[in-house]
Amino acid sequence: MQRFLLAALPLVLAACSIDQSRLGHFVNQTVQPGMPMEQALVRMQAEGFYCNAGSGGDAVIGCTRTYERLVQKNCVERVDLVRSATQAKTLGAIDVLEVKCPK
């Protein structure tokens, strides 16, 4: 039994690691530049992100989502949605930021 638990430990720890590229791919499949900002916010919120739209006219809207881990403390996934410079109601760019985990 002990051998089984020791053999399974690396698998459990690997499941708790953050895959930054997977997050980027997921976000880029969820929202795309050129779509209406309102639609992008609805999609991000449907995926569990909290987006701080502020007054509605901010150039950058920060979105965060808690990434729960089994063994270690939870991390925060962060994404900035950037308004188009020419069309304020349109998503211009997506910036997937580094996932923040407590140490």
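Under the 4.5 Å side-chain contact rule for hydrophobic residues, V82 and L23 do not share a cluster. The same ILVMFWY cluster, assembled from side-chain heavy atoms under 4.5 Å apart, contains both I61 and M35. Linking ILVMFWY residues whenever their side-chain heavy atoms come closer than 4.5 Å, directly or via other members, places M44 and V96 in the same cluster. When hydrophobic clusters are built by joining Ile, Leu, Val, Met, Phe, Trp and Tyr residues whose side-chain heavy atoms come closer than 4.5 Å, directly or via intermediates, L41 is grouped together with L91.
Under the 3.5 Å distance criterion, the side-chain polar atoms of R83 are matched with a main-chain donor or acceptor of D58. Looking at R65, its side chain never comes within 3.5 Å of a backbone N or O of E77 through a donor-acceptor pair. Judged by distance alone, the side chain of R78 and the main-chain N or O of E98 form a donor-acceptor pair under 3.5 Å.
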C75/T66 under side chain to side chain contact (heavy atoms under 4.5 Å, CB included): CA gap, chis, key distance, verdict: CA-CA 6 Å; C75 297; T66 301; over 6 Å; no
Go through I94 and N28 one step at a time and tell me if the side chain to side chain contact (heavy atoms under 4.5 Å, CB included) criterion holds. CA-CA 8 Å; I94 304 160; N28 287 313; 3.7 Å; yes
Go through the steps for E47 and F26 under the test side chain to side chain contact (heavy atoms under 4.5 Å, CB included), then give the verdict. CA-CA 10 Å; E47 295 297 337; F26 170 77; 3.3 Å; yes
Test side chain to side chain contact (heavy atoms under 4.5 Å, CB included) applied to V79 and L97, step by step: CA-CA 6 Å; V79 177; L97 305 171; over 6 Å; no
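Residues P33 and G92 come closest through the heavy atom pair CB-O, 3.5 Å.
E38 CD to T90 OG1: the interatomic distance, rounded to the nearest 0.5 Å, is 11.5 Å. Atom SG of C101 sits about 12.0 Å away from atom NZ of K73, to the nearest 0.5 Å. Atom SG of C63 is separated from atom CZ of R43 by 14.0 Å, given to the nearest 0.5 angstrom.
Considering only heavy atoms from C-beta on, P36 stays 4.5 Å or farther from K89 through its side chain.
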